[in-house]
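Structure first, then comments.
Below, read A as the first sequence line, B as the second, and so on, with proteins coming before strands; counting in each chain starts at 1.
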Number of protein chains: 2
Amino acid sequence: MSHSDFLLVDDPSAQKTLFKKGTVLQNKGDVHLKAFYIKKGLVRSYTIDSKGKQHVFMFAPEEWIIGDIEAYQYEHPTELFIDCLEDTELIKLKMDHLDQDHLSHDQLKKNLRLLGRRVGLLQRRVLMLMSATAGERYALFLNDYPLLPNRIPQYMIASYLGITPEALSKIRGQKT
Amino acid sequence: MSHSDFLLVDDPSAQKTLFKKGTVLQNKGDVHLKAFYIKKGLVRSYTIDSKGKQHVFMFAPEEWIIGDIEAYQYEHPTELFIDCLEDTELIKLKMDHLDQDHLSHDQLKKNLRLLGRRVGLLQRRVLMLMSATAGERYALFLNDYPLLPNRIPQYMIASYLGITPEALSKIRGQKT
DNA sequence: TATACTTCTTAATTTAGATCAATGCACCCC
DNA sequence: GGGGTGCATTGATCTAAATTAAGAAGTATA
């Protein structure tokens with residue numbers, strides 16, 4: 001599940017930078033988006049719906065890439081906020097690093113594998129959201145990301161799972 | 001939203017075939033999976049959960065590609081059934097058509113764009129499943145796929161949206 | 001034409017999880 | 001050290017949608 005096979009971090013257009021916890025990397029409505037390759041730290045993306053409620057779309061720890069591929073592909077302003085949950089060192093990448101002309105055959109193939117894994121992850125998430133109860137969701141999360149729970153506040157995990165913090169708290173309580 | 005830019009249908013390894021409505025193209029547990037490019041007709045993929053309930057993962061009408069990229073990427077047997085909702089003419093593709101060595105630079109780039117769109121679609125679906133009410137889900141579906149509802153039984157649309165057929169029926173009733 | 005599926009609708013009941021509300025703990029900083 | 005502010009827990013209520021159950025309407029089969 002690691003993204004360490006992503007080599008484009010050597011891209012000359014890349015700029016490596018350090019951000020404090022809480023820094024907002026992307027706001028809803030932004031255009032000309034970047035993607036972020038996380039060297040160290042933890043970043044998340046989320047939306048705010050019409051009722052003002054936050055929904056975590058994904059977490060990106062070390063070696064992950066985060067960004068709004070949807071907005072890039074369909075060429076509209078992003079719906080996603082992205083911010084740092086920890087002090088984070090990351091590399092900003094141009095979104096078109098995926099399919100730029102100058103990329104080598106091997107780089108394109110690596111990117112295809114990367115995107116394929118992203119599709120796989122999202123497929124699992126969709127099926128989970130359609131069929132799993134709150135308890136099952138948390139179990140799947142623990143299974144998929146055994147190291148993350150210690151680093152993320154529970155209300156954000158709940159948001160990622162599509163349940164309320166209260167519901168998650170109850171599940172964890174009765175699970176002993 | 002069309003996939004007409006997918007040119008690999010000229011792949012010499014491709015075999016074009018005709019299937020009757022109801023034909024099962026893929027069973028849960030299958031390995032060595034194919035992908036299917038739909039020339040004419042309508043195909044769907046779905047899972048059956050632990051309680052025996054079906055969940056439609058996606059519909060593929062003309063010019064779409066369907067297959068289990070998740071199982072291919074992570075190299076395990078598929079969870080998805082795939083079957084024909086109409087008499088269907090399709091082209092079977094090897095799964096590694098995505099990143100095969102012999103592909104040209106342009107073909108790789110086309111495939112990247114294709115996968116990028118798939119990621120975008122799934123992102124929207126995830127956010128929808130996390131935040132939208134039953135009514136909102138149906139409205140989004142009508143908006144995204146204005147032509148499909150006439151071709152698909154309502155209980156399958158409900159399944160795709162993550163709601164029951166009864167709930168969808170009520171929504172449609174009071175929407176006049 | 002009759003018979004049997006399949007799909008859709010409608011209504012009564014139940015339930016998982018949301019919402020609302022109160023309390024308890026940690027950390028912060030000033 | 002005292003007073004916030006943010007987060008987790010617990011319990012009481014509420015609600016959207018699931019479940020259950022019946023029947024209606026359409027379509028295919030024989």
- Query: Distance only, no hydrogens: is a donor on one side chain within 3.5 Å (strictly under) of an acceptor on the other, for B:Asp49 and A:Ser131?
  - Reply: no
- Less than 4.5 Å apart, any side-chain heavy atom of A:Met130 and any of B:Arg125? yes
- Message: Whole angstroms only, please: what is the CG-C1' distance between A:Leu168 and D:dC7?
- Response: 12 Å
- Item | Over all atoms of both residues, closest heavy-atom pair of B:Asn150 and B:Pro146 | ND2-O, 4.3 Å
- What parts of residues 146-165 of chain B reach DNA chain C, counting only heavy atoms under 4.0 Å away? B:Pro153, B:Gln154, B:Tyr155
- Query: Should A:Lys20 and A:Asp87 count as an ion pair when the cut-off is N to O under 4.0 Å?
  - Reply: yes
- All ring-ring contact (aromatic ring centres under 6.0 Å, His included) counterparts of A:Phe19, not counting sequence neighbours: none
Give me, pair by pair, the N or O atoms of the protein and of nucleotides 20-23 of chain C that are less than 3.5 Å apart, along with how far apart they are.
| unit_1 | atom_1 | unit_2 | atom_2 | d |
| --- | --- | --- | --- | --- |
| C:dC20 | N4 | A:Glu166 | OE2 | 3.3 |

- With axes from five pairs an end, tell me the bend angle of the helix from C:dT1-D:dA30 to C:dC30-D:dG1, nearest 10°. 30°
- Would you indicate what A:Lys53 reaches in the nucleic acid, counting non-hydrogen atoms under 4.0 angstrom: base, sugar-phosphate, or nothing? sugar-phosphate
- Query: Between D:dA17 atom C1' and B:Ile171 atom CD1, what is the distance in whole Å?
  - Reply: 9 Å
- Message: Between P on D:dA8 and OH on A:Tyr138, what's the gap in Å once rounded to a whole number?
- Response: 11 Å
Residues 154-162 of chain A, side-chain donor-acceptor partners within the protein, below 3.5 Å, at least two apart:
| unit_1 | atom_1 | unit_2 | atom_2 | d |
| --- | --- | --- | --- | --- |
| A:Gln154 | OE1 | A:Arg172 | NH1 | 3.2 |
| A:Ser159 | OG | A:Gln54 | O | 3.4 |
| A:Ser159 | OG | A:Val56 | N | 2.8 |

- salt bridge (Lys or Arg N to Asp or Glu O under 4.0 Å), paired with A:Glu86, selected from A:Arg151, A:Lys40, A:Arg44: A:Arg151
- Query: With under 30° as parallel and over 60° as perpendicular, where do the rings of A:His76 and A:Tyr74 fit, or are they tilted in between?
  - Reply: parallel
- Message: If I compare all heavy atoms of B:Leu33 with all of B:Ala71, which pair ends up nearest, and what's the gap?
- Response: CD1-CB, 3.7 Å
- Provide the closest heavy-atom pair for A:Asp83 versus A:Gly22 in the form atom of the first, atom of the second, distance. CB-O, 4.5 Å
- Message: Please evaluate residues B:Met128 and B:Arg137 with respect to the criterion side chain to side chain contact (heavy atoms under 4.5 Å, CB included), reporting the C-alpha separation (whole Å), side-chain torsions for both, the decisive distance (0.1 Å), and the verdict.
- Response: CA-CA 7 Å; B:Met128 179 272 269; B:Arg137 290 175 194 205; 3.4 Å; yes
- Message: Given 3.5 Å as the limit, does a donor-acceptor pair link the side chain of A:Arg118 with the main chain of A:Ile65, or not?
- Response: yes
- Rounded to whole angstroms, how far apart are CZ on A:Arg172 and P on D:dT10? 11 Å
- Nearest-Å distance, CG (B:Leu129) to P (D:dA17)? 13 Å
Return the polar atom pairs (N/O with N/O) between nucleotides 23-28 of chain D and the protein under 3.5 Å, or none.
none

- Note on the structure: Scanning both residues in full, the closest heavy-atom pair of A:His55 with A:Lys53 reads CD2-O, 3.3 Å
